[in-house]
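In what follows, chains carry the letters A, B, and so on, assigned in the order in which the sequence lines appear, proteins first and then strands, with residues in each chain numbered from 1.
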Amino acid sequence: MGKWLFLWLQQRSMEYNHRAIEAKWKKNWDHQHTYKTLNDTAKPKYYVLDMFPYPSGSGLHVGHPLGYIASDIVARFKRQQGFNVLHPMGYDAFGLPAEQYAIQTGVHPAVSTEQNIQTYRAQLDNIGFSFDWSREVKTSDPSYYKWTQWIFLQLFEHYYDQNANKAKPVSELIQQFESGGSSGVNAFHSHDEHFSAEEWQAMSPYQKDQVLMNFRLAYRKTGYVNWCEALGTVLANDEVKDGVSERGGHPVERKAMMQWFLRITAYAHRLLDDMIGLDWPEALKTMQNNWIGRSEGAQLFFKIDGHDTELEIFTTRPDTIFGATFMVLAPEHDLVGQLTTPAQKQAVEACIQYVKGRSERERMAEVKEMNGAFTGSYTIHPFSGEKVPIWIGDYVLKDYGTGAIMAVPSDDERDKTFAQKYNLPIVDVVDKTNYPGSTLHDKEGIIINSDFLNGMEVPDAIQLMFEKIEGMGIGKRRVNFKLRDANFSRQRYWGEPFPIVYDADGVAHALPESELPLTLPDLEDFKPTADGQSPLAKATDWVKYGAFTRETDTMPGFAGSSWYFLRYMDANNDQDFASTEALAYWQDVDFYIGGAEHAVGHLMYSRFWHKFLYDKGLVPGKEPFKKLVNQGMIQGVVESIYLYKSHDGSHQFYTEELAKEHSDKEFALLPVHVDFVTEYGSPRSHLTKAGIAQFLEWRPDYKGSVFHLSEGVFTLETLPENARLTTKSEVGKMSKRYFNVVNPDDMVDKYGADCFRMYEMFLGPIEQSKPWDTKGIEGVSKFIKKLWQLMHKGEAFLVSDEKATKEELKVLHTAIKKVSGDIEILSLNTSVPAFMVCVNELKRLECNKREIMEGLVALIAPFAPFIAEELWSKLGKTTSVHHSTFPVCDESYLVEDNVVYPICINGKRKGELTFPNGADAATLEQMAMENDFVRKLLEGQAPKKVVVVPGRMINFVI
RNA sequence: GCCGAAGUGGUGGAACUGGUAGACACGCUGGACUCAAAAUCCAGUGCUAGCGAUAGUGUGCGGGUUCGAGUCCCGCCUUCGGUACCA
C-alpha cells in the first residue's frame, strides 16, 4: 500500500504543478506591475478592448471568458511584437439587477455591486489576464459618472446644425433667434415651428425652454414610451424584446410620459455613412443598417375637404398615388380629434380605446390583425381631385414618418388587408405581368390607370412624381429613418442622477460644472412608486436645491457604457474625462470584442456619443471602434425529465419515448443536474440507475417516485441494473435554474488556467456559439503535461545547449508561421493544434535544445502565460516572457528538398510519388510519365491531357 | 414574411487563392504495464464489402461549370441569429 502511494506521489511531483506555479506568478506579476501600460508615445499603440461586464451576483460562468481569452491572446501577442498595448478592464456597474436585489434583501446596491466586483476580479485573475488594473473603470463610481454627467450636459447645451453638419452650442442658436427668429435656421428638430425675432423675445422663459427643447441634443418631451409596470420604469427600444422587457421578461405597455431623450436621429445619416470603412462583421453592420432604416421618398401634403389644415404624409411610392383610395392616420395622430365628424365620433373613440387597451405583447401576437375606423372627413386627391376618405388604423405608427399614410391597397400588403376588412375600393395601378416572381415590395412594373403616368416603368414614374410634387409645391423629396430618439430617463435608483434642476416655471437648468459629480443620495427604500415617480423623489432634502428642484429620474444603463473606452486612456484624470494628449495617442480601439447582443444598443449609442465629442473637437476620430469581433456564446446543455402532472400528488417520471407516446397526458419538464446524466447533450442522454439515485438524493422531495421505463414501471428499489430513463436534451442558456452552470474557477483549479484558456480556444471558431462540454479538456491537459516534460527529466529541468538540427528548426518555424498567422486572423482554434503538433514532433525527435525551447516558450506565452513564464525563468531569463520578442518565422527552414505529389486519374487520387522541390511542370510531367507506377495506371494508353500544378498535384485525363 | 450566418465521421471541429476531405482532440476498439484499478504508452478507427491487398462510396438535397468542387454558379431543404405592421 505504502509503495503505491509513494509511486503515485513521485509521479505527481514530476508533473506540472499548476496551482503552485500560477499562485507564484500571479503574485509576481502584481508586484512587478508586469501589465501596467504607460502612455508612452515612443512606441506604436495598440488598443485591445473587451466589452466590460455587468457584475452580476452569480459571478462568471465558463461562457463569459471566451472573448476575454481571445483578446488577451491578441494583447499579449501585440505586446511581444513591440506595441504599447492598452488592455483594460472595468465594470458596467449601474443597472437593474442590483436594484432588484436591493428591493428583495435590503442590501444597498453599492454594497452588493462592490462584493460582486470583488468576485469578478478574483475570477478574472485566476484565468491570468493581462489587464492593466490601474486603469480600472466602474460606471457607478462618482469619479467616473462625474464625466458621464458632464457629457450629458454638453448634449443638453448643444443642437445639431445641418448646414455645418455638426453639433453647435445652443447659445449660438439663441443668438440667431434673437436677431432673426426661426428663419434661416437649419437645425435638426422634432417638429416645425416658425416665429420672428420679436415673437421670440416676447416669449416667457417657459415658452423659450419649450422651443429650445425642440433642438437640444438632450431634451425633454412627452412621448409614448415603453412602460414596464413590473420594473416600475420605462425602457429603451433595444431593451424590449418581443413585447417584454429584456431583463426579467415582464410585459411592456405604451404610455405617454414626460421623459428625457437623446437626439440620436440627428446623427442617423452619419451613423449610416461612416459604417462603410469599419472592419466589423457584415451581419452586424446589416443589423445597424436595418435599425437606422433609411428610406427615400416624398413628403406630401393633402388638402382636407372643408378644413384649412393639410394632411402631411410620407411615401416611398409617389408613383402609386392614383391607387390611393383612402388615407390612414395613426390613432394617436394630432388631427384625429379635429377630423372626426360627430357621426363618426363614437366609432373612432371606440377604436382608440380598443387600441390603447391592447398591450404591446398582444399587438405582437396578432400582427396581421388590423383595427380602424372612418373619421368622416376626406382629403382632396391632388391629381384626380376626387374625395379620399380619411381613416384611423392601428397599423399606422405615430412615430414613423408623419404618422399618416396614403393607402394604396393594390400595391401594399397591409393597405390591402385593411381595405378588404373594411370594404374599401382597390384600384390596380402597377402591372407586373412582365415581371414574374416580383412581389408587391419590389419597385418594378408598368404603371396603369394613372393618367399621365400610364405606361411608365415604376422607377421612372417615381422620379417624375418627385419632380411634379416639388413643382406643384405640394411636397418635397425626403429621407426618413426608422431610428428613434433614445429614451434617456429611468424611474429607478441605481443610475446616474441628472445634473438638472427645475425652476418654479418648470424650466430645466444645467447644474454648474463645479457641482459635478452630483452624487446619488443614500436611500433606505429603493422601491419605485406606482405612479411612475423615481425612488429619488423620496429623498426630499436632496431634491430641494434652493428655490429649484432636482430631476429625480436617473440615466439608463447605456449612459456609462457609451464612453468608457475613452476613460481607460486616462482613467485617473480628475481634470478632464481624458487628457488631450492621451486621446491623441490612443486615438481609438484597434480591436474590440464582445457579444452581438449589443449590436443596436451599446454600439449605436457609443458611436453617437463619440461623433458628438468629435464635433466638439474632444476626440481625434469619427469612429470609436476600428475592428469589431463578435464572440459566440457558450451555451449550456439543459437536461430535463418528464414528470407526469398527476392529480393525486404522486410523482411519476416517464422515459422520453413513453412521454411522447402518451400525448394525451400532460407532462412537466423538470430540469435535472447535468452531472447526473449519462451521455448528456446527445440524443441518447439518459439517467442510469445510479443517476436516478443521485437525482433522488439531490431532490429528496421526489423520494418514493415511480419511473415508467420501456421495460415497465419501477421504484428506485426495483429498478433493473441496466435501467435507462431517457432525458430531454436541449441546448440553452447556462443558468442556475437549469443546473448546468460550469464555473471557470473549478476548471482552473482542476486543470490550470493555461489549460482552461487553450481549451476554450480549442473548442471552435471564436464567433461561433457552442454548448460547453468538459470532456475534451483532457486532451489539452495532456498537451500541457507533454510541454512540461519536454524540458524535464524526472523532477529536474533539463535542456541541451546543442545546436538544433534542420528538422527541429523546421518543426518550430512551422508552428511560428501558423500561430502568428492565426492570431492575426483570430483563428485561435487552429493555433492550439499547431502547438500540439509541434510538441508531439519535438517529443518524437527527443528534442530539448535550448534554441528550440526558447522559441517555443515565447511562442506559446500569449496562450499559456503561466507555464510559459515558469519555463522562461527556468531557461535562465530574468525578465518576463511577456516582454520578450515574439518569434519570427524564417521561411528558409520550411523549404523541403522533396515534394510528395498525389497522382490522379481523372481527378481521383490513385497514389503518390515524390519529386524534387522546384521542378517545373514540364519536368514533373516527364518524370511522372516515365514512372512505372504511372505506366501501369495508364495501361499503355497516352493520356488525353496531363495537368501538372507544381507543388500541388499531377492529374492524368484518360 | 424579410435580412444575415451556417449545414463535413459517433462528437468538437480542420482543409490558404478550386488541387491527397476528415488535421488536432474527444470518444470507441484492441494491446502493453499492473494482483487489480487509475495514470501513462502503443496500434486501429468516415461508411459498405472483403481474411487481405483492394474496390466502391462519401462534405444537407437536386442540377451545373471544371482535368479536378466541401470550396464557384443555379434551384431547394433544414438549423441558428436578427427583425417585423417602417408607409
Side-chain angles (χ1 to χ4, degrees), chain A residues 4 7-8 11-12 15 241-242 281-287 289-291 293-295 297 313-317 320 328 363-364 366-370 393-397 399-408 411-415 417-418 439 441 480-484 596-597 599-600 630 632-633 679 681-684 731 759 762-765 767-771 773-780 782-783 785 818 821 825 827 829-830 832-837 840 900-912 943-949 951-958:
Chain A
W4 303 122
L7 277 175
W8 181 76
Q11 201 172 19
R12 284 300 295 257
E15 279 177 12
K241 291 262 144 78
D242 302 324
E282 270 320 303
L284 203 135
K285 285 191 185 181
T286 314
M287 264 190 249
N289 260 316
N290 293 341
W291 192 260
R294 183 183 194 274
S295 64
I313 61 120
F314 174 76
T315 179
T316 54
R317 295 297 302 276
T320 61
V328 187
R363 291 190 54 178
M364 302 285 240
E366 19 181 296
V367 144
K368 292 292 172 229
E369 182 65 35
M370 291 175 180
D394 62 349
Y395 75 102
V396 175
L397 305 176
D399 298 337
Y400 182 73
T402 62
I405 59 157
M406 62 173 206
V408 184
D411 218 53
D412 183 289
E413 206 82 51
R414 296 150 303 164
D415 296 345
T417 312
F418 193 79
T439 63
H441 212 73
N480 244 329
F481 295 95
K482 269 199 262 189
L483 187 69
R484 312 288 158 79
E597 67 273 18
V600 289
N630 287 131
M633 271 210 300
E679 295 196 66
S682 80
R684 298 173 305 279
V731 170
Y759 180 59
F762 188 50
L763 229 39
E767 63 280 356
Q768 216 169 78
S769 290
K770 53 237 156 187
D773 182 0
T774 308
K775 290 175 218 137
I777 200 169
E778 296 289 347
V780 181
K782 278 183 216 164
F783 159 76
K785 285 175 193 159
K818 177 74 181 145
I825 59 167
S827 171
N829 57 320
T830 53
V832 179
F835 286 119
M836 290 175 170
V837 171
N840 287 345
V900 178
Y901 282 93
I903 304 299
C904 306
I905 301 291
N906 295 336
K908 281 212 169 289
R909 192 182 78 101
K910 296 291 172 185
E912 52 195 32
K944 283 192 201 135
K945 191 174 169 184
V946 184
V947 183
V948 179
V949 182
R952 285 266 177 228
M953 46 71 67
I954 298 169
N955 186 22
F956 295 94
V957 186
I958 54 172

For nucleotides 28-33 of chain B, print each protein N/O atom paired with a nucleotide N/O atom at under 3.5 Å, atom names and distance only.
none

Next on the checklist: Can you give me the dot-bracket string for RNA chain B, 5' to 3', counting Watson-Crick and G-U wobble pairs with both distances under 3.5 Å, using [ ] for crossing pairs and | for partners on another strand?
Outcome noted: (((((((..(((......[....)))((((((.......))))))((((....))))..(((((..]....))))))))))))....
Checklist entry - When rounded to the nearest Å, what value does the distance between P atoms of B/G19 and B/C33 take? => result 46 Å
Next on the checklist: Does any part of the side chain of A/T320, heavy atoms only, come nearer than 4.5 Å to the side chain of A/D412, both counted from C-beta?
Outcome noted: no
Checklist entry - On a whole-Å scale, what distance lies between the P atoms belonging to B/G81 and B/G75? => result 26 Å
Checklist entry - Under 4.0 Å: is that the gap between some side-chain N or O of A/Q768 and OP1 or OP2 of B/A6? => result no
Item to check | Gap in Å between the two P atoms, one belonging to B/A84 and one to B/C3, rounded | outcome: 16 Å
Checklist entry - What heavy-atom pair brings A/Q768 and A/K770 nearest, and what distance separates the two atoms? => result O-NZ, 3.1 Å
Checklist outcome for this item: Its glycosidic angle compared against 90° from 0, B/G27 adopts the form anti
Next on the checklist: As a test of reading the structure: which of B/A87, B/C67, B/U83 is closest to the side chain of A/L397, going by heavy atoms?
Outcome noted: B/A87
Item to check | Any donor-acceptor N/O pair, A/N480 side chain to A/S295 backbone, under 3.5 Å | outcome: no
Checklist entry - Side chains of A/D415 and A/Y395: does their closest heavy-atom pair fall under 4.5 Å? => result yes
Item to check | A/F762 to A/P833 - nearest heavy-atom pair and separation | outcome: CE1-CG, 3.8 Å
Checklist entry - Less than 4.5 Å apart, any side-chain heavy atom of A/F956 and any of A/I903? => result yes
Checklist entry - With a 4.0 Å cut-off on heavy atoms, is A/P765 in touch with a base, just the backbone sugar-phosphate, or nothing at all? => result sugar-phosphate
Checklist entry - Looking at A/P902 and A/M953, what are the two nearest heavy atoms and their distance? => result CG-CB, 3.6 Å
Item to check | C1'-based separation of B/U65 from B/G27 [nearest Å] | outcome: 40 Å
Checklist entry - Can you find a donor-acceptor pair, distance only, under 3.5 Å between A/R414 side chain and B/C86 base? => result no
Next on the checklist: How many whole angstroms separate atom NZ of A/K944 from atom P of B/C67?
Outcome noted: 11 Å
Checklist entry - In whole angstrom, what separates A/D399's CG from B/C85's C1'? => result 14 Å
Next on the checklist: Does B/A87 have OP1 or OP2 under 4.0 Å away from a side-chain N or O of A/S295?
Outcome noted: yes
Item to check | Candidate pair A/V408 and A/R317, rule side chain to side chain contact (heavy atoms under 4.5 Å, CB included), full reasoning | outcome: CA-CA 9 Å; A/V408 184; A/R317 295 297 302 276; over 6 Å; no
Checklist entry - B/C16 and B/A32: how far apart are their P atoms, nearest whole angstrom? => result 42 Å
Next on the checklist: What is the distance, to the nearest angstrom, from the CZ atom on A/F314 to the P atom on B/C85?
Outcome noted: 17 Å
Checklist entry - Which nucleotides of nucleotides 19-27 of chain B have their base under 4.0 Å from a protein heavy atom (B), which only their sugar-phosphate (S), and which neither (-), written as one string 5' to 3'? => result BB--BBSS-
Checklist entry - So which heavy atom on A/A599 is nearest to which on A/M287, and how close? => result CB-SD, 3.6 Å
Checklist entry - Within this structure, what is the NZ-to-C1' distance between A/K785 and B/A38, rounded to whole angstrom? => result 11 Å
Checklist entry - Whole-Å distance between B/A14 P and A/I825 CD1? => result 11 Å
Item to check | Nearest-nucleotide pick for A/M287, side chain only, options being B/C67, B/G82, B/A87 | outcome: B/G82
Item to check | Residue pair A/N630 / A/P281: nearest heavy atoms and the distance that separates them | outcome: OD1-CG, 3.6 Å
Checklist entry - When you compare B/A55 with B/G4, how far apart are their C1' atoms, in angstrom units rounded to a whole number? => result 44 Å
Checklist entry - Rounded to the nearest 0.5 Å, how far apart are CG of A/L397 and CZ of A/R484? => result 6.5 Å
Next on the checklist: In this structure, how many angstroms lie between the P atom of B/C85 and the CG atom of A/D394, rounded?
Outcome noted: 11 Å
Next on the checklist: Categorize A/R484 for me: base, sugar-phosphate, or nothing, with a 4.0 angstrom heavy-atom threshold over every strand shown.
Outcome noted: base
Checklist entry - What is the distance from CZ of A/F481 to P of B/U83, rounded to the nearest Å? => result 20 Å
Checklist outcome for this item: By nearest-nucleotide position on RNA chain B, the 5'-leaning member of A/S769 and A/T315 is A/S769
Checklist entry - To the nearest Å, how far apart are A/M633 CE and B/C80 P? => result 13 Å
Item to check | Shortest non-hydrogen separation from A/T402 to A/F314 and the atoms involved | outcome: OG1-N, 3.7 Å
Checklist entry - Toward the 5' end of RNA chain B, which comes first, A/Y400 or A/F956, by nearest nucleotide? => result A/F956
Item to check | A/Y901 and its side chain to side chain contact (heavy atoms under 4.5 Å, CB included) partner, picked from A/V949, A/N955, A/I954 | outcome: A/I954
Next on the checklist: Counting only side-chain nitrogens and oxygens, does A/K770 get under 4.0 Å of the OP1 or OP2 atom of B/G12?
Outcome noted: no
Item to check | Interatomic distance at P, B/U79 relative to B/C73, whole Å | outcome: 24 Å
Checklist entry - Can you tell me if A/K818 uses its side chain to pair, donor with acceptor, with the backbone of A/F835 under 3.5 Å? => result no
Next on the checklist: Please give the distance between the P atoms of B/G10 and B/A5 as a whole number of Å.
Outcome noted: 29 Å
